[in-house]
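Beneath this line is the structure, given in structure tokens, with notes to follow.
The residues of the chain are indexed from 1 along the displayed sequence. Keep in mind that the numbers below use all heavy atoms, side chains included, and drop hydrogens, waters and symmetry copies. Since this is a predicted model, take the numbers as computed values, not measurements.
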Amino acid sequence: MRSDVSHFRCDIADGIARIALDRPERKNPLTFESYAELRDWFRDLHYSDEVHTVVILPNGGNFSSGGDVHDIIGPLTRMNMKELLAFTRMTGDLVKAMLGCGKPIISAVDGICAGAGAIMAMASDLRIATPDAKVAFLFNRVGLAGCDMGACAILPRIIGQGRAAELLYLGRSMKAEEGYSWGFFNSLVDADELDGAAMQMANRIVAGPTFANSMTKTMLAQEWSMSLEQAIEAEAQAQAICMQGNDFRRAYEAFVAKEKPVFEGD
């Protein structure tokens, strides 16, 4: 898995990829280039046996301010429809790649988390934040619809339809305590504990049955569009596949021996 990226920071060790946008002086906005590189990186992640979970970190006290006003917003006002649709499809493809990468993603949020930055946090599997985190789906504040990059599909599933509608119609910031009480954040920690808390969670995931975790992520995404009967059948098939894996046998043998299982992801 590539760690030699150009438009964001990436470090890979012990099955965990730590990534962060790298323009802290401007609160880490996204550019055309960083969108595309993140999309391609998450697509490649699906085929990696080196990485079993991803941690998206803040940089310089902020997660991301979203699309860069000068590098993205300005140029978009001068594009024709074909060019605009190519851009909006590319940004949506980043979310598709995150959902389809097969690896749990943890967002560690501090400071500003707005626009596309909020979408990246939303598209993650787990979210930890500091009390200073502020999440804003501010698309309508720049004259656009709230239905951007899957927000109208994913956000209501996390915090509920009414709460999602409020954030998408008003474009206001969701404060950390509010996000925690609404279920957007899994936990709140002090800023000096954020990195450690995210890594602790990531290490727990990596120490688990990583093939089975990948199956869980796949089903969490796919079952959105299934009927209940289809979902139950799909889960029966997924679980039967996992039961043929060696980690299932290791767990049984460890239980019989009254030991802690050591999973190997096969």
Would you sort out whether Phe248 and Cys242 count as a side chain to side chain contact (heavy atoms under 4.5 Å, CB included), showing the intermediate values? CA-CA 7 Å; Phe248 183 57; Cys242 290; over 6 Å; no

For residues Asn140 and Leu168, determine if any side-chain heavy atom of one lies less than 4.5 Å from a side-chain heavy atom of the other. no

N/O donor-acceptor pair under 3.5 Å between Asn246 side chain and Asp266 backbone: no

Correct closest heavy-atom pair for Ala234 and Met219 would be CB-CE, 3.3 Å

Hey, what do you get for NZ (Lys103) to OG (Ser48), rounding to the nearest 0.5 Å? 4.5 Å

Give a yes or no on whether Glu229 atom CD has more than 12 heavy-atom contacts from other residues, nucleotides or ligands under 6.0 Å away. no

Would you call Glu259 and Arg250 a salt bridge, taking side-chain N to carboxylate O under 4.0 Å as the test? no

Under 4.5 Å between side-chain heavy atoms, counting indirect links through other Ile/Leu/Val/Met/Phe/Trp/Tyr residues: same cluster for Leu167 and Leu138 or not? no

So if you build clusters from Ile, Leu, Val, Met, Phe, Trp, Tyr with side-chain heavy-atom gaps below 4.5 Å, do Phe184 and Leu126 land together? no

Show the numbers, then the answer: is there a side chain to side chain contact (heavy atoms under 4.5 Å, CB included) between Thr130 and Leu188? CA-CA 5 Å; Thr130 71; Leu188 299 181; over 6 Å; no

Tell me, please, which residues at least two apart from Lys217 pass salt bridge (charged side-chain N to carboxylate O under 4.0 Å, His left out). Asp125

Is it the case that atom CZ in Arg9 sees more than 12 heavy atoms from other parts of the structure closer than 6.0 Å? no

Testing the basics here: between Ser107 and Ala121, what is the closest heavy-atom pair and its distance to 0.1 Å? OG-CA, 3.6 Å

Heavy atoms, side chains only, cut-off 4.5 Å: are Tyr35 and Ile72 in contact? yes

Pairwise distance OH(Tyr47) to SG(Cys101) - rounded to 0.5 angstrom: 11.5 Å

Around Asp49, counting heavy atoms of other residues, nucleotides and ligands shown, do more than 12 lie under 6.0 Å from its CG? no

Judged by atom type as modelled, is there a donor-acceptor pair below 3.5 Å linking the side chain of Thr53 to the main-chain atoms of Ile205? no

Carboxylate-amine/guanidinium proximity below 4.0 Å for Asp110 and Lys134: no

Can you confirm whether Glu177 is buried at CD, in the sense that more than 12 heavy atoms of other residues, nucleotides or ligands lie under 6.0 Å from that atom? no

Asp68/Arg23 under side chain to side chain contact (heavy atoms under 4.5 Å, CB included): CA gap, chis, key distance, verdict: CA-CA 10 Å; Asp68 189 282; Arg23 301 175 72 194; 3.3 Å; yes

Between Pro24 and Gly60, which heavy-atom pair has the shortest distance, and what is it? CB-CA, 4.1 Å

According to a 4.5 Å side-chain heavy-atom criterion applied to Ile, Leu, Val, Met, Phe, Trp and Tyr, with indirect links allowed, do Phe63 and Leu155 form part of one hydrophobic cluster? yes

Considering only NZ, NE, NH1 and NH2 on the basic side and carboxylate oxygens on the acidic side, decide whether Asp44 and Arg39 come within less than 4.0 Å. no

If you take the centroid of each ring, where Trp contributes its six-membered ring, are Phe87 and Phe32 closer together than 6.0 Å? yes

Sub-4.5 Å side-chain heavy-atom contact between Ile119 and Phe139: yes

Applying side-chain hydrogen bond (donor to acceptor under 3.5 Å, both in side chains), run through Ser34 and Thr31 and close with a yes or a no. CA-CA 5 Å; Ser34 58; Thr31 64; 3.2 Å; yes

Could you grab the distance from atom CD1 of Ile159 to atom CD of Glu178, nearest 0.5 Å is fine? 8.5 Å

Lys/Arg N to Asp/Glu carboxylate O, Arg172 vs Glu166, below 4.0 Å: yes

Would you say Asn28 and Asn62 are linked by a side-chain donor-acceptor pair, where the criterion is simply a distance under 3.5 Å? no

Does a sphere of radius 6.0 Å around CD in Gln230 hold more than 12 heavy atoms from other residues, nucleotides or ligands, not counting ones at 6.0 Å or beyond? yes

Any chain of hydrophobic side-chain contacts (each under 4.5 Å) joining Ile105 to Ile128? no

Heavy atoms only: give me the nearest Ser214-Gly102 pair and the separation to one decimal. OG-O, 2.9 Å

What are the two closest non-hydrogen atoms of Arg26 and Asp71, and how far apart are they? NH1-OD2, 4.4 Å

Is the closest side-chain heavy-atom distance between Asn213 and His52 below 4.5 Å? no

Value for CD1 (Ile12) from CG (Asp4), rounded to nearest 0.5 Å, stands at 9.0 Å

With a 3.5 Å distance limit and no angle check, can you tell me whether Asn59 reaches the backbone of Leu21 through a side-chain donor-acceptor pair? yes

Does CD in Glu33 sit with more than 12 non-hydrogen atoms of other residues, nucleotides or ligands closer than 6.0 Å? yes

Would you kindly confirm whether Met122 and Val54 end up in one hydrophobic cluster when ILVMFWY residues are joined by side chain heavy atoms under 4.5 Å apart? yes

Heavy atoms of Trp41 and Ala17 approach each other most closely as CH2-CB, 3.7 Å

Can you find a heavy atom in the side chain of Asn80 that is under 4.5 Å from one in the side chain of Leu84? no

Could you go step by step and tell me if Ile16 and Val55 meet the side chain to side chain contact (heavy atoms under 4.5 Å, CB included) rule? CA-CA 7 Å; Ile16 301 170; Val55 178; 4.0 Å; yes

Can you find a pair of side-chain heavy atoms, one from Arg18 and one from Cys10, that are under 4.5 Å apart? no

Side-chain heavy atoms of Glu264 within contact of Thr210, under 4.5 Å: no

Under 3.5 Å, side chain of Ser173 to main-chain N/O of Lys175, donor-acceptor pair present? no

Between the main-chain N or O of Gly245 and the side-chain N or O of Arg249, is there a donor-acceptor pair closer than 3.5 Å? no

Would you say that Thr216 contacts Glu235 through its side chain, given a criterion of any heavy-atom pair below 4.5 Å between the two side chains? no

